[in-house]
K.L.:
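Can you read through this structure? Questions will come right after.
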Number of protein chains: 2
Amino acid sequence: MVKKLSILNKLRSSNLRPTKQRVEIAKFLFEREKTFHFTIESLAKSMAKKTSKEFALATIYNTVEAFKKAGHLSEVHLKGKNNRTYFDTNISNHHHFYDNETSELIDISENQIKFEKIPNAPNGKKIANVEVIINLKD
Amino acid sequence: MVKKLSILNKLRSSNLRPTKQRVEIAKFLFEREKTFHFTIESLAKSMAKKTSKEFALATIYNTVEAFKKAGHLSEVHLKGKNNRTYFDTNISNHHHFYDNETSELIDISENQIKFEKIPNAPNGKKIANVEVIINLKD
DNA sequence: GATTTAATTTAGAATTATTATAAACTAGAA
DNA sequence: TTCTAGTTTATAATAATTCTAAATTAAATC
């Protein structure tokens with residue numbers, strides 16, 4: 001009951017009408033202990049399993065985009081071999097392990113990586129943020 | 001003449017027949033002082049300018065793929081906002097600045113970044129390599 | 001609770017990057 | 001010169017994503 005409420009608040013406070021679809025997706029994505037990585041395709045499959053009537057793919061796209069805009073999700077700027085866009089429920093500044101074999105992402109919290117040396121931004125630019133991807137192999 | 005020859009050698013030693021198209025593309029990509037970043041689209045445009053008869057897009061794809069397989073090009077595993085695949089004539093281990101506004105990449109050599117702290121690979125995995133992307137803003 | 005309205009969902013078409021196909025062409029061997 | 005396998009090419013196919021316009025629905029108003 002508490003969780004359900006916080007989902008509704010999360011949606012409402014972001015000016016997103018808590019429709020059946022958004023609530024279902026939000027519950028699936030945000031009612032978790034750990035951070036969660038997914039693609040549109042994997043999310044669509046998960047929602048199809050969870051509910052009898054499956055959601056339109058466009059709704060998955062719309063909802064994820066809306067959640068991203070609202071700051072509840074972040075997009076991972078990684079081009080894996082499967083060419084799918086990854087999303088992450090972890091919206092804090094952080095890094096990733098990436099396993100190209102399994103296409104799996106694992107979070108690395110910001111404080112697990114420290115730089116001894118890093119270059120300055122070129123000419124008139126500033127550093128917006130630093131993303132580290134540690135590619136894994138067997 | 002020397003340059004032309006090294007291009008021919010580069011192709012032949014990779015078991016790539018030095019066709020007109022491959023030689024033209026290779027000259028454009030590899031006869032440079034600095035490292036060069038491009039997308040299929042930008043390369044196609046450049047080749048169209050350079051030559052009267054433009055190359056088939058499939059040839060650009062085929063050639064870039066062949067050069068990549070031969071180890072003359074590397075693919076940048078970055079998903080920018082334009083959703084194009086970037087290639088890099090710098091095939092050594094290195095890092096990048098990325099300007100999301102202009103979609104421009106700038107190389108950072110490996111020795112310009114040093115880690116004070118980095119996590120171990122999970123479970124049975126090993127670290128294949130580490131890619132750092134420094135996102136820029138104005 | 002019924003009515004209204006604007007937001008949302010939906011199916012399907014459109015778009016975009018990339019890959020596959022199969023016919024025409026060509027480098028290099030014989 | 002002839003032959004053949006490797007290449008190029010135009011075009012079709014595929015795959016992820018976005019667009020569109022009609023149907024549905026949340027929630028405000030009566």
K.L.:
With a 4.5 Å heavy-atom cut-off, do B:Asp99 and A:Pro122 have their side chains touching?
P.N.:
no
K.L.:
Would you mind reading off the distance between A:Lys81 atom NZ and D:dA15 atom C1', rounded to a whole angstrom?
P.N.:
16 Å
K.L.:
Apply side-chain contact (heavy atoms from CB on, under 4.5 Å) to the pair B:Tyr98 and A:Glu131, showing each step before the final yes or no.
P.N.:
CA-CA 10 Å; B:Tyr98 178 65; A:Glu131 285 183 86; over 6 Å; no
K.L.:
Check step by step if salt bridge (Lys or Arg N to Asp or Glu O under 4.0 Å) holds for A:Asp138 and B:Lys125.
P.N.:
CA-CA 5 Å; A:Asp138 290 309; B:Lys125 299 286 179 177; 2.6 Å; yes
K.L.:
Does the separation of the ring centres of B:Phe67 and B:Phe87 fall below 6.0 angstrom?
P.N.:
no
K.L.:
Quick check on B:Glu101: does its CD atom have over 12 non-hydrogen neighbours (other residues, nucleotides or ligands) under 6.0 Å away?
P.N.:
no
K.L.:
Name the residue closer to the 5' end of DNA chain D, choosing between B:Thr63 and B:Asn83 according to the nucleotide with the nearest heavy atom.
P.N.:
B:Thr63
K.L.:
Between protein and nucleic acid, restricted to nucleotides 9-13 of chain D and to nitrogen or oxygen atoms under 3.5 Å apart, what atom pairs and distances do you find?
P.N.:
residue: D:dT9; atom: OP1; partner: B:Gln21; partner atom: NE2; Å: 3.0
residue: D:dT9; atom: OP1; partner: B:Lys53; partner atom: NZ; Å: 3.4
residue: D:dT9; atom: OP2; partner: B:Ala56; partner atom: N; Å: 3.3
residue: D:dT9; atom: OP2; partner: B:Thr59; partner atom: OG1; Å: 2.6

K.L.:
Do B:Asn135 and A:His77 have a side chain donor and acceptor closer than 3.5 Å?
P.N.:
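No, A:His77 and B:Asn135 have no side-chain donor paired with an acceptor closer than 3.5 Å.
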K.L.:
For the pair made of CD in A:Glu41 and P in D:dT14, what is the distance, rounded to whole Å?
P.N.:
17 Å
K.L.:
Taking C-beta and beyond as the side chain, do A:Ile133 and B:Val130 meet within less than 4.5 Å on heavy atoms?
P.N.:
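Of all side-chain heavy-atom pairs linking B:Val130 with A:Ile133, none is under 4.5 Å.
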K.L.:
Mind calculating the distance between CG (B:Leu16) and P (D:dT7) to the nearest angstrom?
P.N.:
7 Å
K.L.:
If you find the nucleotide of DNA chain C closest to B:Pro18 and the one closest to B:Glu65, which residue's nucleotide is nearer the 5' end?
P.N.:
B:Glu65
K.L.:
Expressed in angstrom and rounded to an integer, what is the separation of A:Ile60 atom CD1 from D:dT18 atom P?
P.N.:
14 Å
K.L.:
Taking atom types as modelled and ignoring hydrogens, do the side chains of A:His37 and A:Asn90 form a donor-acceptor contact shorter than 3.5 angstrom?
P.N.:
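On atom types as modelled, these side chains do not qualify, holding no pair under 3.5 Å.
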K.L.:
Can a side chain N or O of A:Tyr61 be found less than 4.0 Å away from OP1 or OP2 on D:dT17?
P.N.:
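Yes, A:Tyr61 has a side-chain N/O under 4.0 Å of OP1/OP2 on D:dT17.
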K.L.:
Calculate the interatomic distance between A:Leu11 atom CG and D:dA26 atom P; express it in whole Å.
P.N.:
13 Å
K.L.:
Using the closest heavy atom to pick a nucleotide of DNA chain C for each, name whichever of B:Phe87 or B:Arg17 lands nearer the 5' end.
P.N.:
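Result of the comparison: B:Phe87.
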K.L.:
Checking only heavy atoms, does the side chain of A:Arg84 share a donor-acceptor pair with the base of D:dA16 at less than 3.5 Å?
P.N.:
no
K.L.:
Grab the CD-P distance between B:Glu24 and D:dT8 for me, whole Å please.
P.N.:
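Value for this atom pair: 12 Å.
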K.L.:
Reading DNA chain C in the 5' to 3' direction, which nucleotide is the first one with an atom under 4.0 Å from a heavy atom of chain A, and which is the last?
P.N.:
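First-to-last contact on DNA chain C, by the 4.0 Å heavy-atom rule, is C:dA7 to C:dA11.
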K.L.:
Determine, using ring centers only, whether B:Tyr86 and B:Phe38 are less than 6.0 Å apart.
P.N.:
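Aromatic pair excluded; centres sit 6.0 Å or further apart.
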K.L.:
How long is the line joining CG of A:Asn15 and C1' of D:dA27, in whole Å?
P.N.:
14 Å
